[in-house]
Amino acid sequence: MPPRASGSPRRRSGPRPGWPSSTSRLGREPQELHVLVNPELLEQEGAEIDAEGCLSLPGITEKVERPARIKVRALDRTGKPFELAAEGFLARAVCHEIDHLNGILFTDHLHGLRKERMKRQLKRLASGAPAESTAEARS
Ligand SMILES: [Zn+2]
């Protein structure tokens, strides 16, 4: 796990007040909403690199490798088990949210120069200065 920049904003990963300890909500519109309680990654296949950001780190994006396709087992809001197969953006979002439940941010997946750029971005964000986009500027 990479070191966190001192004074960096507190992660908003992990349990949220009012939510069971392992619940993730995905989607902005009610018809897109996926609620996964205690999600488990069953299968993953392939890899895709794409820009990723997080509401916990406003204005910061970086390219992150994620599985191209996944299968997840979880419980729904009523406690009924279900499986979800996802690819592309939804697979990325599910992996991102599962990481949050395990205390991991997308920045923890970065290495080398991307990790160093992210450290500078996090310091800038912690100082109150606006973040500069990283992923789009360096394709
Ligand atoms: Zn996030």
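Residue numbers run from 1 in the order of the sequence given. Counting starts at 1 for both ligands and their atoms, following the listed order.
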Subject >> Under 3.5 Å: donor-acceptor pair, side chain of Arg66, backbone of Val94 >> reply: no
Original post:
Which protein N, O or S atoms lie under 2.8 Å from the Zn ion (ligand 1)?
Top reply: Cys54 SG, His96 NE2, His100 NE2
Subject >> Partner residues of Glu45 under the side chain to side chain donor-acceptor pair (under 3.5 Å) criterion, sequence neighbours left out >> reply: Arg69
Original post:
What residues form a side chain to side chain contact (heavy atoms under 4.5 Å, CB included) with Glu40, not counting sequence neighbours?
Top reply: Arg73
Original post:
Going by the salt bridge (Lys or Arg N to Asp or Glu O under 4.0 Å) test, which pairs reach into residues 79-91, not counting sequence neighbours?
Top reply: none
**OP:** Determine the minimum heavy-atom distance between Val64 and Phe106, stating which atoms define it.
**Re:** CG2-CD1, 3.7 Å
**OP:** Please tell me if the side chains of Glu97 and Val72 come closer than 4.5 Å, counting only heavy atoms from C-beta onward.
**Re:** no
